[in-house]
Amino acid sequence: MNPRPAEPAPPTLARPAADGSGRLLVALEGGSRETGLILDADPRATALLGTAPLELVGLPLAALAPCGHAGSVSRLLLDVAHAQPTDPPVTGTAVAVPPVTRSPLLLRSGDEDVLCLVSAWSVDGPEGRPAAVVELERSFSADSGSWAMLHAMAALRGESVWAYDEEHDRFWWVENSLKHNGHHGAAELALQNVLDQLHPDDTAHVEDAFWALRRGEREVVNIRFRHPDGEGGYRALHSVARIMRIGFDGTRRIVGATADRTDADEHERAVAREHTRQNRLVRELAAAFVAAKTEEELTEAILHKVAPAFAGTGTLLAFVENERLRVTFGEGIDPAMARSLHGMSLDSPKPLAHAIRTGRTEAIASREAYRAAWPKAHGLLDATTAQSFLMVPFAAERGRPLGGWVITYDAPHRTTEQESTLLGVIAELAGQAWERIRLSTARLELAGALQRDMLPAELPAIRGFEIAARYLPANEGLEVGGDWYDVIALPDGGVACIIGDVQGHNIQAAALMGQVRTAMHAYAWEDPSPDRVLERTNELMLQMGASGFATCLYALLDPLGRVVSARAGHVMPVLCTDTGTSAPETPGGLPLGVQNGTAYPLTQGRLGQGETLALLTDGIVEGPRLSLDDGTALVCRTLEESRGAPVEEIADALMSCAGATRHDDDRAVLVVRRAVAA
């Protein structure tokens, strides 16, 4: 059997380069794992790369590049693989000549990075498979045109290329490219001269960055610093630098690129300020929606806070009522635009109705975009000069549209992703607020009806007495309170006047109040003695297991002006006589529903002709801003000042005293004046 002949080495590597450059043979095809593998390396290449031949062969060529630079190696091989052969010279061989691809690459040589010029061309590799010869040039000469290419590329990015020679302490720019070096005519500067030009606050960290590179602590540094602009100010510059050799036989240098970031930084700061402003306004808007308790408060928030929060010029608000839009608007909205939308049917083929109906925001960037998207709805454009529109629906349950708003802009406006997200949040909060307000309104109407049914529909007319009553519920919750009053005409011509306050102001308090008032009315008709009525009501509440208690004042007046009263933990009545107005201290018992066997002492008195007795609840005389003593004194002064007025006016005047308490509570007044005989 004939021995297998030795496979000859590729002639391209066998022929040494005249200038001392090194060559590698690299596979161009053969699967993802084989493409780019080093097949062979001549001694000069291994010497330049500081690597043993056996360590190079089988290694991907891209592995020779520092981190982040492998892509430039891959692009070089792709260019070689796709390069078309040139026509052979007229006097030479008939074989086509493969083109040479030449490019600067950053490669690792031992422990250093080297910027070197690389030439590559395609050849037939082992077994005729495509390969490339990659020639590493020993020197990187500045007159080769590569510096000009690097400078041109950097200039296109608005950057300047520079280098620092550690050995000779010289800092220089490629073709003096740095605009703000302050020495346009100088070829080289010492590092300290460069540092001295910087803003004093930046000198230390720039110098630290240079030393971090020189000591090998970092491979790449990003430095921000300020440089004088020659007009008394500073420009904001940003440099990226690393340490390398320029050519395998060149000097070790720190090489970098510097960009002027002044305008970009100012733009970023302006954007950040705008984002901060917008986020603050959006937070205020969200807080206003959460706090809104009435339609007026919600409307106020939308009309005055939505447009500023989203950089708009005006806001229009529309609520859905009976399948039509009820429109109100604020500053920046053309009245004609509001008129064109008010009363619009919800099924109209127009963008606002469509947004509310579908629950999807309509963002219309320009008037031209409006015409294109809504060709049959140009009436809106005729009614306004606005250039752009955001039509945002309240978030609502599907099939239950609530309304929405329009933000107008005086210039074309495209909604950003952040704005879209914020609009979704705000629409959700607005929808929740409007649903809450609508539900609260319905509950208040129900509460008002319930309260009216539980209090006397009208006061009885009793000969010899003028009587007036007033009641206002608490301002929170259901606004159904536990305060009540009652006036009972007795068979003997007398009158029982009752005022009370059940603990709390909610549905439970109102229900208990209704039970207590009904029981007292029945007991008073059977036996009107104040002490007996209070005792029997107290026992009833305890037998019922009532969840709350009640205070009460019961005054029994006969036709001759005699007054008998009893108190169950209630505030004192106020008496206005010929000698003055006061709230005399009288004995009393515990509130109703607290303890079995409680006694309620009687107090005797007299009401002369023309004199007035006022029964009050504590919401009139006591609160966070007013003590009981001060509140009672205020009521006495008010009653004294209005003693000659009709009892209806006296009742109104006494009710107004509640404003001084700053207390969110029920309040009731019952005024009785004994008539003057004709």
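By convention here, the first residue in the shown sequence is residue 1.
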Exercise. List the steps and the verdict of ring-ring contact (aromatic ring centres under 6.0 Å, His included) for W434 and F289.
Key: CA-CA 9 Å; W434 184 227; F289 283 178; over 10 Å; no
Pairwise distance [atom1]([X]) to [atom2]([Y]) - rounded to 0.5 angstrom:
{"X": "I488", "Y": "I498", "atom1": "CD1", "atom2": "CD1", "result": "4.0 Å"}
{"X": "D483", "Y": "T617", "atom1": "CG", "atom2": "OG1", "result": "4.0 Å"}
{"X": "W484", "Y": "I499", "atom1": "CH2", "atom2": "CD1", "result": "9.0 Å"}
{"X": "T313", "Y": "I333", "atom1": "OG1", "atom2": "CD1", "result": "6.5 Å"}
{"X": "C497", "Y": "L670", "atom1": "SG", "atom2": "CG", "result": "5.0 Å"}
{"X": "I467", "Y": "R673", "atom1": "CD1", "atom2": "CZ", "result": "12.0 Å"}

Would you confirm whether [X], through its side chain, and [Y], through its main-chain N or O, come within 3.5 Å as a donor-acceptor pair?
{"X": "R536", "Y": "A524", "answer": "no"}
{"X": "E297", "Y": "K293", "answer": "yes"}
{"X": "E419", "Y": "T416", "answer": "yes"}
{"X": "H304", "Y": "E300", "answer": "yes"}
{"X": "D334", "Y": "A336", "answer": "no"}
{"X": "S348", "Y": "K350", "answer": "no"}
{"X": "R357", "Y": "P401", "answer": "no"}
{"X": "S366", "Y": "P412", "answer": "no"}
{"X": "T638", "Y": "L634", "answer": "yes"}
{"X": "R517", "Y": "L512", "answer": "no"}

Self-check item: Qualifying residue, where the test is side chain to side chain contact (heavy atoms under 4.5 Å, CB included) with L317 and the options are I302, L325, L298
Solution: I302
Exercise. Count the heavy atoms belonging to other residues, nucleotides or ligands that lie under 6.0 Å from CG of N322, then report whether that count exceeds 12.
Key: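 Result for CG/N322: open.
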Practice problem: Evaluate whether atom CZ of R414 has more than 12 neighbouring non-hydrogen atoms of other residues, nucleotides or ligands under 6.0 angstrom away. | Solution: no
Side-chain contact test, heavy atoms from C-beta onward, threshold under 4.5 Å: evaluate it for [X] versus [Y] and give yes or no.
{"X": "L422", "Y": "F310", "answer": "yes"}
{"X": "C636", "Y": "L639", "answer": "no"}
{"X": "L346", "Y": "H354", "answer": "no"}
{"X": "M520", "Y": "W525", "answer": "no"}
{"X": "L423", "Y": "L390", "answer": "yes"}
{"X": "S565", "Y": "Y554", "answer": "no"}
{"X": "E268", "Y": "D265", "answer": "yes"}
{"X": "H238", "Y": "N222", "answer": "yes"}

Is the closest basic N to carboxylate O distance between [X] and [Y] below 4.0 Å?
{"X": "E640", "Y": "R637", "value": "no"}
{"X": "E622", "Y": "R667", "value": "no"}
{"X": "R326", "Y": "E295", "value": "yes"}

What I want to check is whether the side chains of [X] and [Y] have a donor and an acceptor closer together than 3.5 Å.
{"X": "T586", "Y": "R567", "value": "yes"}
{"X": "S627", "Y": "D630", "value": "yes"}
{"X": "H570", "Y": "D501", "value": "no"}

Exercise. Could you give me the CA-CA distance, side-chain angles and deciding distance for W374 and E362, then say whether side-chain contact (heavy atoms from CB on, under 4.5 Å) is met?
Key: CA-CA 11 Å; W374 301 94; E362 288 285 336; 3.9 Å; yes
Heavy-atom pair with the smallest gap, counting every atom of [X] and [Y]:
{"X": "P591", "Y": "Y600", "result": "O-OH, 3.9 Å"}
{"X": "G431", "Y": "L402", "result": "O-CD1, 3.9 Å"}
{"X": "A651", "Y": "A468", "result": "CB-CB, 4.2 Å"}
{"X": "A645", "Y": "E649", "result": "CB-OE1, 3.7 Å"}
{"X": "R367", "Y": "T385", "result": "NH1-C, 3.6 Å"}
{"X": "T361", "Y": "P393", "result": "OG1-CD, 3.7 Å"}

Exercise. Please step through side-chain contact (heavy atoms from CB on, under 4.5 Å) for the pair F394 and W405, ending with a clear verdict.
Key: CA-CA 8 Å; F394 292 134; W405 64 84; 3.6 Å; yes
Exercise. Using the side-chain contact (heavy atoms from CB on, under 4.5 Å) rule, take V406 and T315 through it: C-alpha gap first, then chi angles, then the decisive distance, then the call.
Key: CA-CA 6 Å; V406 180; T315 309; over 6 Å; no
Practice problem: Under the side-chain contact (heavy atoms from CB on, under 4.5 Å) rule, what do R643 and T581 come out as? Steps first, then yes or no, please. | Solution: CA-CA 9 Å; R643 63 162 57 223; T581 303; 4.1 Å; yes
Self-check item: Residues in side chain to side chain contact (heavy atoms under 4.5 Å, CB included) contact with L542, at least two apart in sequence or another chain
Solution: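 If we apply the side chain to side chain contact (heavy atoms under 4.5 Å, CB included) test to L542, skipping adjacent residues, the hits are N538, N596.
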Quiz prompt | Counterpart residues, side chain to side chain contact (heavy atoms under 4.5 Å, CB included), relative to E611 (two or more places apart) | solution =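 So E611 forms a side chain to side chain contact (heavy atoms under 4.5 Å, CB included) with T577, D578, L607.
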Exercise. For E466 and R674, run salt bridge (Lys or Arg N to Asp or Glu O under 4.0 Å): C-alpha distance rounded to whole Å, both residues' side-chain angles, the deciding distance at 0.1 Å, then the answer.
Key: CA-CA 6 Å; E466 301 171 22; R674 188 177 174 208; over 6 Å; no
